[in-house]
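Side chains are part of it too, since the values below use all heavy atoms of this structure and drop only hydrogens, waters and symmetry mates. Keep in mind the model is a prediction, meaning the values are calculated, not measured.
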Amino acid sequence: MDNNLLSAIETNWYGFVVSIFVFAILYFLARKRIGFGTRVLTGLGIGLLAGIFFQYFEFETNAITTFGSIYVSLIRMLVVPLVFILVLNSISSLTNLEYLRKIGIKTFAWFLGTTGIASVIGLSVALLFNPGKGIQQAVPEGFTAREIPTFSQVILDLVPSNPVNEAATGKVVPLLIFAIFLAVAIIKIGSKKPEAVKPVRDLIESLTLVLHQVVKFVIRLTPYGVFALIAGITARYGWETLQELGSVIVTSYVALILHFVLVFGGLVLLVVKVNPIRFFRKVYPTLTVAFTTRSSYATLPVNLEVITKRLHVSPRIASFVAPLGASVNFNGCGGVWPAIVAVFTAQVYGIQLTGTDYVTLVLVSIISSIGVAGVPGPAVISTTVVLTALGLPLEGIAIVAGVEALIDMGRTAVNATGTAVTALLVANSEGEFDREAFNRNDNEDEILLNVI
């Protein structure tokens with residue numbers, strides 16, 4: 001063990017030194033009361049520079065990536081209790097089940113509607129950019145197409161059978177459904193015997209407050225985690241990977257940015273009727289965490305804080321929409337990406353797609369975004385479903401695998417932002433959006449995220 005420790009220090013000492021130096025800078029900025037968002041962006045910028053430096057000199061990055069992995073583990077630590085307690089708290093606080101049905105329908109309608117639009121945008125940009133034109137790529141050796149779960153298996157995986165086991169294995173959707181059952185039972189009993197469920201309501205409320213405090217502790221580590229994660233990612237991918245499939249990267253990010261600006265910005269401006277630039281500025285903590293962690297679940301604690309404290313959406317709407325969005329809202333993974341991979345694969349293999357194929361692509365993207373809820377690797381499953389529906393070779397997924405991690409950062413950022421947009425839309429329609437607080441030019445929304 002001593003030898004392993006000495007070996008780790010000898011091969012990664014520069015990573016430790018750089019990390020400690022950057023952490024000291026970020027901590028100094030926090031003590032000087034520099035805003036949370038500014039510190040996150042600072043960590044992101046320094047991480048890019050450090051990653052380029054490490055990649056150029058071929059230095060080991062294990063020390064830095066370890067710090068990033070610790071941050072992601074702490075974030076993931078919160079996901080299961082956060083989903084369970086917050087969904088339980090938000091629904092059990094309702095006075096009637098009709099309200100739950102109403103916000104549930106609205107939430108799913110926005111999730112699926114924006115995913116359909118994302119698919120159309122991805123398809124249009126791919127046809128315009130022709131990412132597969134002239135590319136000669138060999139399928140990686142040993143590639144095996146991922147099996148698509150059967151419809152019955154998808155349904156069975158969503159139904160909770162052992163909540164304790166599902167919590168232990170990180171199956172969020174069955175746990176979410178179990179929380180909904182418990183919350184509905186509390187509402188039904190509470191309508192007849194309020195005193196019988198009062199201790200349960202008090203316990204849930206106390207656990208919610210405690211959990212929020214734990215979230216604050218972990219979120220304050222975000223600038224440090226963002227630095228470590230982005231440095232590791234930048235050091236891992238060199239120019240060779242970017243050059244080989246650069247057209248796929250460019251096409252994907254153009255489509256993601258168009259969806260981000262036109263669809264999200266348009267909904268915020270035209271439906272909610274607030275300044276989209278102000279909205280984008282308020283959600284950038286969500287963007288940076290989603291971009292670097294590449295996980296909607298890992299972004300969930302930050303997104304909840306952003307939706308409630310920066311967007312000023314009521315906690316009961318945020319606590320319902322945000323956990324659900326982390327599980328089923330796949331604008332980037334289920335909308336944009338499958339469309340681009342489908343067009344890319346068709347061009348690489350010389351297969352002509354028709355108008356009927358394009359319609360099928362969009363419809364299947366919407367349907368598959370529901371079917372992959374709770375399945376690990378939703379982007380791969382959604383893409384597999386779309387390629388299979390169109391009769392395209394599944395080897396296309398393997399060809400783009402070399403750059404998927406780079407594109408996944410943008411996809412996850414779009415997914416998480418889409419959840420925040422949906423929460424704002426639902427809250428606005430229900431009169432649970434504080435427009436005055438949203439438009440206020442002060443720093444109150446930074447107080448929670450600053451180190452004291």
Side-chain angles (χ1 to χ4, degrees), residues 68-94 100 104 107 157-187 197-222 225 285-286 289-290 293-310 313-329 373-376 378 412 415-416 419-420 423 448-449:
S69 297
I70 290 172
Y71 169 71
V72 173
S73 296
L74 289 174
I75 287 285
R76 286 178 176 164
M77 169 189 74
L78 298 171
V79 172
V80 168
L82 200 61
V83 169
F84 183 73
I85 296 298
L86 293 187
V87 169
L88 193 58
N89 183 59
S90 65
I91 297 177
S92 64
S93 65
L94 303 178
L100 173 61
T107 299
D157 286 342
L158 296 180
V159 177
S161 58
N162 184 341
V164 175
N165 179 64
E166 276 141 4
T169 56
K171 292 184 178 180
V172 177
V173 176
L175 197 65
L176 188 151
I177 293 174
F178 177 60
I180 292 174
F181 270 104
L182 286 179
V184 171
I186 291 172
I187 295 173
V197 294
K198 187 178 184 303
V200 179
R201 291 184 189 271
D202 290 343
L203 175 62
I204 294 170
E205 187 175 347
S206 296
L207 287 173
T208 302
L209 291 173
V210 172
L211 200 54
H212 277 153
Q213 184 59 56
V214 177
V215 168
K216 291 181 189 179
F217 292 148
V218 176
I219 287 179
R220 287 171 180 172
L221 301 175
T222 298
T286 291
V289 174
T293 62
R294 296 168 47 208
S295 169
S296 293
Y297 287 135
T299 311
L300 177 58
V302 176
N303 211 8
L304 271 167
E305 294 296 313
V306 166
I307 292 170
T308 55
K309 305 300 181 182
R310 294 172 70 92
V313 167
S314 73
R316 67 175 180 173
I317 294 289
S319 297
F320 178 81
V321 176
L324 200 60
S327 304
V328 300
N329 185 33
V375 179
T412 308
N415 291 345
T419 297
L448 175 68
L449 303 175

K.L.:
At their closest point, which heavy atom of A290 faces which heavy atom of T299, and how far apart are they?
P.N.:
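Looks like CA-OG1, 3.3 Å.
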K.L.:
Going from CG on L211 to CZ on F84, what distance comes out if it is rounded to the nearest 0.5 angstrom?
P.N.:
11.5 Å
K.L.:
Distance from I307 atom CD1 to E305 atom CD, nearest 0.5 Å?
P.N.:
10.0 Å
K.L.:
Using a distance-only test with no angle check, is there a side-chain donor-acceptor pair under 3.5 angstrom linking Y71 and T293?
P.N.:
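Side chains of Y71 and T293: no pair found under 3.5 Å.
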K.L.:
Rounded at 0.5 Å granularity, tell me how far CG in L304 sits from CG in L300.
P.N.:
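Atom-to-atom, L304:CG and L300:CG are 4.5 Å apart.
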K.L.:
Measure the shortest side-chain to side-chain distance between L221 and L74 over non-hydrogen atoms and say whether it is less than 4.5 angstrom.
P.N.:
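Side chain of L221 against side chain of L74, heavy atoms only: contact under 4.5 Å found.
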K.L.:
Any non-hydrogen side-chain atom of S73 less than 4.5 Å from a side-chain atom of I70?
P.N.:
no
K.L.:
Any idea which heavy atoms bring T412 and S296 closest together, and the distance?
P.N.:
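Looking at all heavy atoms of both residues, the closest pair is CG2-N, 3.8 Å.
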K.L.:
Could you tell me the separation between the OG1 atom of T107 and the CG atom of L324, rounded to the nearest 0.5 Å?
P.N.:
6.5 Å
K.L.:
On a heavy-atom basis, which atom in F178 and which in P160 lie closest, and how many Å separate them?
P.N.:
N-CG, 4.2 Å
K.L.:
Taking all non-hydrogen atoms of both residues, which atom of V306 and which atom of P285 are closest, and how far apart?
P.N.:
CG2-CB, 4.0 Å
K.L.:
For the residue pair V313 and V321, establish whether any side-chain heavy-atom pair is separated by less than 4.5 Å.
P.N.:
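No, every pair of side-chain atoms sits at 4.5 Å or beyond.
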K.L.:
To the nearest 0.5 Å, what is the distance between CG on L203 and CG on L88?
P.N.:
9.0 Å
K.L.:
Please give me the minimum heavy-atom distance between A318 and P323, naming the atom from each residue.
P.N.:
O-CD, 3.7 Å
K.L.:
Working note: V197 + I187, criterion side chain to side chain contact (heavy atoms under 4.5 Å, CB included); need CA distance, chi angles, decisive distance, verdict.
P.N.:
CA-CA 9 Å; V197 294; I187 295 173; over 6 Å; no
K.L.:
Atom CG of N329 and atom OG1 of T419: how far apart are they, to the nearest 0.5 Å?
P.N.:
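So the gap between those two atoms works out to 4.0 Å.
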K.L.:
Of all heavy-atom pairs between M77 and V214, which one has the smallest distance, and what is that distance?
P.N.:
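Between these two residues, the closest heavy atoms are CE-CG1, 4.5 Å.
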